[in-house]
Peer 1: 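Have a look at the structure that comes next, please.
In what follows, chains carry the letters A, B, and so on, assigned in the order in which the sequence lines appear, proteins first and then strands, with residues in each chain numbered from 1. Treat the numbers as computed from the prediction; the structure is a model and nothing was measured.
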Amino acid sequence: MRVFIPRDAAALAVGADRVAAAIAAQAQARGVALEIIRTGSRGMFWLEPLVEVETPGGRMGYGAVGLRDVPGLFDADFQNGGWHEKSTGLVEKIPFFAKQDRLTFARCGVIDPLDLDAYRALGGYDGLARALQLGAAQTVAEVKASGLRGRGGAGFPTGIKWETVRTAVAAQKYVVCNADEGDSGTFADRMLMEGDPFTLIEGMTIAAIAVGAAHGYIYVRSEYPHAIRTMNAAIAIARREGLLGRAVMGSAYEFELEVRVGAGAYVCGEETALLESLEGKRGQVRAKPPIPALVGLFGKPTVVNNLVSFATIPFILEKGAAVYADYGMGRSRGTMPVQIAGNVKHGGLFEVAFGITLGELVNEIGGGSATGRPVRAVQAGGPLGAYFPPALFDTLYDYEAFAARDGLIGHGGLVVFDEHVDMAKMARFAMAFCAHESCGKCTPCRIGSTRGEEVLDKIAAGEDAEENIALVKDLCETMKFGSLCALGGFTPYPVLSALHHFPEDFAPAAIPAAAQ
Amino acid sequence: MPHLWDSLAAGDIITAHEALEGPMLPILHAMQEHFGCIPEEAIRLIAARLNLTRAEVHGVVSFYHDFRRAPAGRHVLKLCRAEACQSMGGEANAAGLLHRLGLGWGETTPDGRLTVEAVYCLGLCACAPNAMLDGEVHGRLDAGTLEALAMEVL
Ligand SMILES: Cc1cc2nc3c(=O)[nH]c(=O)nc-3n(C[C@H](O)[C@H](O)[C@H](O)COP(=O)(O)O)c2cc1C
Ligand code: SF4
Ligand code: FES
Ligand code: FES
């Protein structure tokens, strides 16, 4: 009997290791033969630890399993799919899962992340094989035709970036994976590194071959020790199996890949700051132009892509650009792994074609707030993203539709807040975070954010609210237009959206209510 | 336990990484792993070996929140203060714990056993509020379970 238990960090955070150990001990005590396979997570975190058992009809799930449930699971003959009060039924029939379009995350939560045979059995390395047949120019054309846009935030077309690097003339080029994932409310990069690392390796290898690079780096934030370990282990396996190094998969191409660890600076997720950091310098943003595609790491042409962008490449090459482009709406083609987090009943990763509404994601998929109180605000797109009130829940999940409402999709995070949220406090937090993380290169960001914090404090204290609100709005304009990068440039979005949609939280009358 | 300053060990750390492209961050991480912080002597040595000025190395060390100039307590508890954890009451839990311990953010208990630090997202945002104790992650915390976690090492 095969039992699957995640080793994803979020599953570990709620006790997956303890449950796995208890199941192993109980099996031994009862003389039940079990094989425990540690997987990534399916991304249904309210059900973690989610224990799955292989049955002839598919994998049966047991959700939110605690140590106390373990003897009962054996009494219920769970190893053969027996019913228990923690039963979820067939995992792939759980509505949250069944409603998804799992393209990029197809294997995540299903296989042992370091089992290369399991990876190959589910289509792994078919994408690279096809890229090798197509050759560099055709591979880039395929990525262009897929319509894939960068999943790190800016939504720039990936194929066009690759074409720039491919046609640049240089003796040396690089591919760099941005796995800094600093946006709060996001965890797609982490889940993929911990649950299906070969997908990233394959995607980066395809990129390297397509643009003519022989060396790649994965820049992972230091807050992700589990992901770093799994990624390093997967790279070692790929190297041993001839999938990295000289003669990748027996071809004439060479590709070396290395993990580098960040050091707790949010701004190092910005691509030029990331390159500075890789070079061993302070993570300060570079002025563009020149763009990294032409003058990137150590001055060489460099592809910098978000992890999800790279991890989507194997699917596109394996199945063909048209299959991918068939999902989505408008200029947002394909799928987005939306990460539903915060005060939400069913939090997790929901990969879906663009075009679903924000309200469906929060209320139907997410099930509303975890506390059961009405949802009051949703921050979309990380700490630089706008707050949406329920009145805007008809917004379609699409780059342009979000932009039209002064918001952004960013890396796909949604953080849900119930009615207890104090939006003046959230606005202040946005400014404080910017001040804390500013790289210091420009005045509007460095000084403006600190000033913004002070003025928002005055508003909270009921000092000249009207005048000070006007001052904050002014500061926001200065930051928007005078900042070099989106840290200073986009911090105004959460602040202004809070002011615009929740003015009552900034009015002097709100003070006693907020203090309650 | 972090080791006391030892220029031979520090030299070996540099030797182990200096062939890398952009060796600075890997060296600093390894130094901190070994010595528990980046001592002044390390800055001098790195500058000499990588052909940089001390001011340049200083500049790098001070830029990144991870690098310490003095060792932390024996255990380090990082509490997430980012938005998803805030939405689930993380701030109140944290304030309660800090109050109990008589600490401010970034401070260490007088016996040197525990340092409590802020972190901005651990990527566990769907099971908030979250914390990391000595590299191990803990989710769905409330005031009681957070305090119990701290007590494990106190
Ligand atoms: C302050 C700041 C932080 C960022 N953080 C990240 C990040 O953590 N991960 C990421 O992929 N992109 C991040 N970006 C966006 C990158 O600069 C860049 O657009 C992206 O890595 C390009 O890859 P893509 O085209 O595949 O999205 C950040 C940008 C800014 C301004
Ligand atoms: S906006 Fe802020 S983070 Fe970005 S370059 Fe300017 S100072 Fe640095
Ligand atoms: S570019 Fe930032 S202040 Fe001028
Ligand atoms: S916001 Fe706390 S773990 Fe992401």
Peer 1: Which bit of Gln284(A) comes within less than 4.5 Å of chain B, counting heavy atoms only: side chain, backbone, both or neither?
Peer 2: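 Backbone plus side chain of Gln284(A), per the 4.5 Å heavy-atom cut-off to chain B.
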Peer 1: May I ask you to test the Tyr387(A)-Glu83(B) pair for a side-chain heavy-atom distance under 4.5 Å?
Peer 2: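 Side chain of Tyr387(A) against side chain of Glu83(B), heavy atoms only: contact under 4.5 Å found.
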Peer 1: Contact part of Phe298(A) toward chain B, heavy-atom cut-off under 4.5 Å: side chain, backbone, both or neither?
Peer 2: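 Answer is side chain: those atoms of Phe298(A) sit under 4.5 Å from chain B.
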Peer 1: How far apart are the closest heavy atoms of Ala263(A) and Tyr64(B), and which atoms are they?
Peer 2: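 Heavy atoms only, the tightest pair is O-CB, 3.4 Å.
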Peer 1: Please test Ser87(B) against Gln379(A) for side-chain contact (heavy atoms from CB on, under 4.5 Å), starting from the C-alpha separation and ending with a verdict.
Peer 2: CA-CA 11 Å; Ser87(B) 78; Gln379(A) 187 178 28; over 6 Å; no
Peer 1: Atom CE in Met88(B), atom CZ in Phe417(A): separation rounded to 0.5 Å?
Peer 2: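 Rounded to the nearest 0.5 Å, the CE-CZ separation comes out at 11.5 Å.
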Peer 1: Do the non-hydrogen side-chain atoms of Phe63(B) and Ser277(A) ever get within less than 4.5 Å of each other?
Peer 2: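 No; the side chains remain at least 4.5 Å from each other.
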Peer 1: At a heavy-atom distance under 4.5 Å, which candidate from His420(A), Arg221(A), Lys425(A) has the highest pair count against chain B?
Peer 2: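 It is Arg221(A).
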Peer 1: Where does Val416(A) contact chain B at under 4.5 Å (heavy atoms): side chain, backbone, both or neither?
Peer 2: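 Backbone only.
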Peer 1: Given a strict heavy-atom distance threshold of 4.5 Å, which part of Glu181(A) is in contact with chain B: side chain, backbone, both, or neither?
Peer 2: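 Neither; nothing under 4.5 Å.
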Peer 1: In terms of heavy-atom proximity below 4.5 Å to chain A, should Val60(B) be classed as side chain, backbone, both, or neither?
Peer 2: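 Both backbone and side chain.
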Peer 1: Would you give the length of the straight line joining atom SG of Cys121(B) to atom OH of Tyr266(A), rounded to the nearest 0.5 angstrom?
Peer 2: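 The distance works out to 10.0 Å.
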Peer 1: Listed by residue number, which members of residues 340-351 of chain A have a heavy atom under 4.5 Å from any heavy atom of chain B?
Peer 2: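 Within residues 340-351 of chain A, near chain B: Ile340(A), Ala341(A), Gly342(A), Asn343(A), Gly347(A), Gly348(A).
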Peer 1: With heavy-atom distances below 4.5 Å as the criterion, would you say the side chains of Tyr217(A) and Glu21(B) are in contact?
Peer 2: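 Result yes, sub-4.5 Å side-chain heavy-atom pair found.
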Peer 1: Mind ranking Pro129(B), Cys127(B), Gly59(B), Ala128(B) by heavy-atom pairs under 4.5 Å with chain A and telling me who comes out on top?
Peer 2: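 Of the candidates given, the most pairs with chain A belong to Gly59(B).
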Peer 1: Give the member of Met24(B), Glu56(B), His138(B), Arg140(B) that has the highest number of heavy-atom pairs under 4.5 Å with chain A.
Peer 2: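 Among the listed options, the one with the most contacts to chain A is Arg140(B).
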Peer 1: Starting at CG of Leu25(B), measure out to CD of Glu279(A) and round the result to the nearest 0.5 Å.
Peer 2: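 Output value for this atom pair is 11.5 Å.
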Peer 1: Between Ala370(A) and chain B, which part of the residue has a heavy atom less than 4.5 Å away: side chain, backbone, both or neither?
Peer 2: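 The answer is the side chain of Ala370(A).
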Peer 1: Any residues in residues 99-114 of chain B near chain A, with a heavy-atom distance under 4.5 Å, and which are they?
Peer 2: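 Interface residues of residues 99-114 of chain B: none, nothing closer than 4.5 Å to chain A.
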Peer 1: Who among Leu278(A), Asp17(A), Val261(A), Leu12(A) has the most heavy-atom pairs with chain B under 4.5 Å?
Peer 2: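 Looking at each option in turn, the highest pair count goes to Val261(A).
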Peer 1: How about His436(A) and Tyr120(B): are their ring centroids closer than 6.0 Å?
Peer 2: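 Here the rings of Tyr120(B) and His436(A) have centres that are less than 6.0 Å from each other.
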Peer 1: Can you tell me how far the CD atom of Glu223(A) sits from the CG atom of Asn130(B), to the nearest 0.5 Å?
Peer 2: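 Here the rounded value is 13.0 Å.
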Peer 1: Any donor-acceptor pair under 3.5 Å linking the side chain of Arg260(A) with the backbone of Gly22(B)?
Peer 2: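 Yes: the side chain of Arg260(A) pairs with the backbone of Gly22(B).
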Peer 1: Can you tell me if Arg446(A) has over 12 outside heavy atoms packed within less than 6.0 Å of its CZ?
Peer 2: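 Result for CZ/Arg446(A): enclosed.
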Peer 1: Quick one: which residues of residues 185-192 of chain A reach chain B at under 4.5 angstrom, heavy atoms only?
Peer 2: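 Listed by number: Gly185(A), Thr186(A), Phe187(A), Arg190(A).
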Peer 1: Heavy-atom distances under 4.5 Å only: say whether Cys439(A) touches chain B with side chain, backbone, both or neither.
Peer 2: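 It is both, since atoms from each part get that close.
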Peer 1: If every non-hydrogen atom of Gly264(A) is compared with every non-hydrogen atom of His65(B), which pair is closest and at what distance?
Peer 2: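 Closest heavy-atom pair between Gly264(A) and His65(B): O-CD2, 2.7 Å.
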Peer 1: Would you please go through residues 26-48 of chain B and name the residues with a non-hydrogen atom below 4.5 Å from one of chain A, in numerical order?
Peer 2: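 Within residues 26-48 of chain B, near chain A: Pro26(B), His29(B).
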Peer 1: I'd like to check Met426(A) versus Gln86(B) (side-chain heavy atoms, cut-off strictly below 4.5 Å). Are they in contact?
Peer 2: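 The answer is yes; the side chains approach within 4.5 Å.
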Peer 1: Looking at every non-hydrogen atom in both residues, tell me the closest pair between Gly123(B) and Tyr224(A) and how far apart they are.
Peer 2: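 That closest heavy-atom pairing would be CA-OH, 3.6 Å.
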